[in-house]
Amino acid sequence: MIRYRLQCAQDHQFEVWFRNSKSFDAQAKRGLLVCPECGSGSVEKALMAPNVATKGNRKSVVAAVNGEATKQSAVRAQFVEAVRQMRAEVEAKAEYVGPRFAEEARKIHYDEVEARGIYGEASKDEARELHDEGIEFYPLPVLPEEQN
């Protein structure tokens with residue numbers, strides 16, 4: 001297990017445990033890392049002090065890692081369930097516009113159509129353009145079962 005301090009584009013910092021550095025790299029490459037505070041998908045490693053295990057503290061470090069991993073697993077399960085509930089509510093109360101999300105968001109923002117809740121897909125470039133135009137939107141986090 002390896003712990004990284006991560007930082008999003010909004011300067012929110014948080015710590016995450018990974019099985020190994022390759023696991024971090026794979027998740028980062030697939031765009032699976034999301035800031036828990038703002039939902040930003042622009043997440044990178046932040047500077048942190050190393051924690052080196054010596055002979056004297058190795059057992060306590062292993063125990064702490066195992067205990068932290070168990071605690072983190074429970075927190076992750078709660079988080080995933082909360083995301084599932086949030087997505088279910090969005091899907092029940094908003095209109096699915098598919099790949100037309102950016103276009104529909106602009107129409108709503110510029111009062112070309114009646115305001116309503118929408119959800120769909122947008123490319124990173126479309127999302128960046130919406131953000132630059134000051135159009136408020138929030139990405140829905142990807143659930144584990146959507147990765148298969």
Side-chain angles (χ1 to χ4, degrees), residues 1-105 108-109 115-132 134-148:
M1 296 287 293
I2 187 168
R3 179 182 64 180
Y4 287 128
R5 177 178 297 278
L6 303 180
Q7 182 172 339
C8 75
Q10 302 297 317
D11 292 329
H12 300 127
Q13 290 195 4
F14 52 100
E15 292 183 355
V16 181
W17 287 90
F18 295 91
R19 183 176 311 276
N20 53 40
S21 63
K22 287 181 182 179
S23 177
F24 167 82
D25 294 338
Q27 290 183 39
K29 184 176 181 180
R30 291 175 61 194
L32 300 178
L33 303 176
V34 177
C35 174
E37 189 166 336
C38 69
S40 171
S42 179
V43 176
E44 298 178 348
K45 291 180 190 174
L47 291 177
M48 62 183 287
N51 185 7
V52 178
T54 63
K55 246 185 187 179
N57 71 1
R58 190 166 291 146
K59 286 182 182 179
S60 63
V61 168
V62 169
V65 167
N66 288 340
E68 186 64 31
T70 301
K71 184 169 114 181
Q72 186 175 6
S73 179
V75 170
R76 182 182 186 282
Q78 290 175 338
F79 175 75
V80 169
E81 183 55 33
V83 170
R84 274 194 190 97
Q85 290 174 4
M86 178 194 65
R87 287 196 53 160
E89 188 163 334
V90 167
E91 291 171 0
K93 295 181 178 179
E95 178 186 347
Y96 176 70
V97 295
R100 298 184 344 264
F101 179 81
E103 175 186 341
E104 291 296 318
I108 292 168
H109 181 77
R116 67 195 192 283
I118 62 171
Y119 70 102
E121 294 87 36
S123 69
K124 285 185 180 184
D125 289 337
E126 289 172 325
R128 189 174 298 114
E129 290 168 1
L130 290 173
H131 175 74
D132 291 346
I135 299 173
E136 189 173 352
F137 68 96
Y138 299 95
L140 291 175
V142 177
L143 292 170
E145 59 268 20
E146 295 174 332
Q147 298 305 308
N148 294 332

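For clarity, every value in this text was computed on a predicted model and none was experimentally measured.
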Identify the two heavy atoms, one from [X] and one from [Y], that lie closest to each other, and give their separation to 0.1 Å.
| X | Y | result |
| --- | --- | --- |
| Val34 | Phe14 | O-CZ, 4.0 Å |
| Phe101 | Ala122 | CD2-CB, 4.1 Å |
| His109 | Gly134 | CE1-O, 3.6 Å |

Report task. Evaluate the criterion side chain to side chain contact (heavy atoms under 4.5 Å, CB included) for residue pair Glu15 and Leu6; output intermediate values, then yes/no. Result -> CA-CA 6 Å; Glu15 292 183 355; Leu6 303 180; over 6 Å; no

Query raised in the report: Between Glu121 and Tyr96, do the side chains contain an N or O donor and an N or O acceptor separated by less than 3.5 Å?
Result: yes

Report task. Decide if atom CZ of Arg76 counts as having more than 12 heavy atoms of other residues, nucleotides or ligands within a radius under 6.0 Å. Result -> no

Requested in this report: Would you please test Tyr138 and Glu136 for side chain to side chain contact (heavy atoms under 4.5 Å, CB included) and show each step?
Outcome: CA-CA 7 Å; Tyr138 299 95; Glu136 189 173 352; 2.4 Å; yes

Please tabulate, one pair per line, all N/O donor-acceptor pairs under 3.5 Å involving side-chain atoms of residues 19-26, not counting sequence neighbours.
from	atom 1	to	atom 2	distance (Å)
Asn20	OD1	Lys22	N	3.1
Asn20	OD1	Ser23	N	2.8
Ser23	OG	Gln27	NE2	3.4

Query raised in the report: Does the side chain to side chain contact (heavy atoms under 4.5 Å, CB included) test come out yes or no for Glu44 and Leu33, once each step is laid out?
Result: CA-CA 9 Å; Glu44 298 178 348; Leu33 303 176; over 6 Å; no

Quick one: pull up [atom1] in [X] and [atom2] in [Y] and give me the separation to the nearest 0.5 Å.
| X | Y | atom1 | atom2 | result |
| --- | --- | --- | --- | --- |
| Glu37 | Gln10 | CD | CD | 9.5 Å |
| Ile135 | Glu126 | CD1 | CD | 11.5 Å |
| Lys45 | Arg5 | NZ | CZ | 14.5 Å |

